[in-house]
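Reviewing the structure listed below.
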Amino acid sequence: MSRKSNELASPSIPVPRRVFRIRSEKVWSMVTLIPSVVLLGVFVYYFIFWTGYVSFTKWNSFIQNMNLNGFRNYVSIFESFRFQSDLRNMVFFTILFMAGCLILGMFLAVLIDQHIRAESVFRSVFLYPMAISAAATGVVWSWLLNPTTGLNLILQSLGIHHLPQWYLSTRILPNFHIAQIQGGFPIAMFAVLIASIWQWSGFAMALYLAGLRAIPEEIKEAARLDGASAFRMFRSIVLPQLRPITTTAVVMLMASSLKVFDLLYAMTGPGANFVTDLPALNMFDTTFKANQFAQGAAIAIVLLILVLIAIVPYLIGTIRKEASK
Amino acid sequence: MGALLSGCGNSNNTSTSGNNSSTSTGNSTGSGQSGKLEIFSWWTGVASSKALQQFINQYETQYPGVKVTNDAVAGGAGSNAKAVLASRMEANKPPGTFQVHAGHGSLLSWIQAGDMAPLDSMYQQQGWNKVYPQSLLNLLTVNGHIYAVPVDMQRDNVLWYNKKIFAKYNLTPPATFNDFFKDAAVLKSHGITPLALGNHGNWETTLLWSDVLLGTVGYTQYNELMQGKLAWNSPGVVQASQTFLKMLQYTNSDYNSLHWAQADELVAKGKAAMNVQGDWAQGYFTTTAGLKPNVDFGWAPTPGTQGIFAAVSDVFGLPSKLSGQNKTNAENFLKVLGSAEGQKAFNSLKGTISPRLDANPADYNAYGQSAMKSLKNDKLVLTPGQGALNPGFTTALENAMTQFISSQNVNQFVSGLQSAAQQNPLS
């Protein structure tokens, strides 16, 4: 009552107060943001710029040579057999890795969503691989999928004669000639996919489980009353509701698949004929073993552009959605 | 030549900056009894880390006040350690001293980059110029200045074999490639893998290939190749590559999944008969597998390399950016590294030999004694895989090798090497 009468009496008083409040909020948000903006600016964006700059120089030995070299580093990496192999491997690896994680993740999430007993145990079991370092995962799977030991011993005792070569296979299917390399899917990549999907599908499961739990019970109830079968309900109710989750999962899985390094390094290395090589491994060898810093930077920039191609449409979509709200 | 010239310019800079820092910090250099010392290496294996501890123990007895840290980085014949070291150097945070291979690889790169201080006065003071073989010191000298202290001598061109298997089938270690293929045929017919190979680190096939190259083209041509005076697509390299491919047919098929020590394990357990590996394998056979030299396992130069010693020597240098107490501590440690006493304790445990000419053969086992004899009489050559050449070339060689062992295309391989040698000058 008193406030209302106050306002009526002198309407000009609350206005400056409100302005002041907003200002102080803004100032505080600026102040608290400054450290992270500065740190991000220096340690992320400045170094991206620096890497980009180095990739155009002649710095290809220990002696820092910052003379510009045009696009020659890019030309030479794109001409190299190893980098061409990397790009081929990456396309197959990224697509199959995402598909594998999403399908397996959703499958596990749907199972766990049946309100089973000891649900949290299963949830932890499936999430647990995420907590193990990729290097350890790599070493363990390199033993399991070693064609002379590991899983093959089990297959052998089951009476299977044509044992898979796993990551030592050098076959590429369907194997057609493209540029310098053989085009197609390198069979050896399958082993790396098993290890990485094992590690990351729990992550997709966690996302999907959260998504499934967020679907309002009313919608499902309504569909059930309309006599929808379980499959129909999954296709027409659950899947559409999970779309935003799928987008998020795709973006995060794609970014992580482009950065795969530790798993590969511990598990297979580049492999015979680079059948299991990926750009990040090539970048490490080029930069730190060959000391060709400019060429290593060029590989890093190509990787960055590929990650951006994956992420920018997502960012634009998010920004548009926020703007329309 | 260009690289040599630029090396000269840079090493001059280094020596002056080294002198400057020593004069400017002359007053502040301490007794060497306090502060810290970081020792950087890739010695993390059982034998090699025990051996490194010998140096540290001796140093700590003499300089008890110094806090010593062993910064060893595992993996890949030192390639991981080199990566860590490169980033520390870039960040101007060098360790007290670090392991590097003698030759024209990383050592020359560090010197050219101005990261190393010359050790001429230490050599004079300790009388080391007369104690070490001149052929080895030549590999550590750039523009008249010597830059590192050698602590061990290893050999790359060694063929290890299981003596019991060889005795069982009446075989002798092959001296030529013809002998090798004859032996291999016999072994294969008895179900034994003739040649064990591990290539998980992606450098082991390169080592085998370079030994085949040495055995095929001989000392003179091999040296010309290493110095960039002979084309890498010349007929000798082609022939060696063909022989190498033929040898691969007698190896275990899963070599890409095995580490070098696992390949030696195959020999130790009698599943395979031979293995070509540097003589660090001796440390594995005796220390890890517990075998007796000349009883359980034997050795010979790889086919065609009698009288030639493909040398790999671990050396330690002094980073030019050290100053004050840290520099004194590092210098004192280098003196321990170069001492007869330190090298005796180190090498006998590591399974390597001391490169000092006054080293006592009685301190080493049967293999060590035979290696010491070879070192004194044989001609020394560098090996491409073990840090002796431009790292850019070595990486290109390893990449070409990865492709080669699968494609088996000799022409593509040697022309790749030739263009790598043009892009990464070897001298």
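Just so it is clear, the model here is predicted, and its values are computed rather than measured. Heavy-atom basis, side chains included; hydrogens, waters and symmetry copies ignored.
With rounding to the nearest 0.5 angstrom, the CD atom of Gln295(A) is 10.5 Å from the OG1 atom of Thr395(B). Separating the OG atom in Ser61(A) from the CG atom in Leu108(B) is a distance of 10.0 Å, to the nearest 0.5 Å.
Surrounding CD1 of Ile178(A) are at most 12 heavy atoms belonging to other residues, nucleotides or ligands under 6.0 Å away.
Of all the listed residues (Val275(A), Thr148(A), Leu145(A), Thr286(A)), the one sharing the greatest number of non-hydrogen pairs under 4.5 Å with chain B is Thr148(A). Most heavy-atom pairs under 4.5 Å with chain A, from the set Gly105(B), Pro391(B), Ser106(B), Ala400(B): that is Pro391(B).
Counting heavy atoms from C-beta on, the side chains of Arg82(A) and Gln403(B) never come closer than 4.5 Å. Counting heavy atoms from C-beta on, the side chains of Gln292(A) and Asn424(B) come closer than 4.5 Å. Under the 4.5 Å side-chain criterion, counting only non-hydrogen atoms from C-beta, Phe274(A) is in contact with Asn399(B).
Neither the backbone nor the side chain of Ala188(A) has a heavy atom closer than 4.5 Å to any heavy atom of chain B. Heavy atoms closer than 4.5 Å to chain A are found in the side chain of Glu398(B), but not in its backbone. Neither the backbone nor the side chain of Thr394(B) comes within contact range of chain A; no heavy atom of the residue lies under 4.5 Å from a heavy atom of that chain.
Shortest non-hydrogen contact noted between Ser253(B) and Leu168(A) is O-CD1, 4.4 Å. Between Thr402(B) and Gly271(A), the shortest heavy-atom distance links the atoms CG2-O, 2.9 Å.
With no hydrogens or angles considered, a side-chain donor-acceptor pair links Ser257(B) and Asn146(A) at under 3.5 Å. Judged by distance alone, the side chains of Gln165(A) and Asp254(B) never bring a donor and an acceptor atom under 3.5 Å apart.
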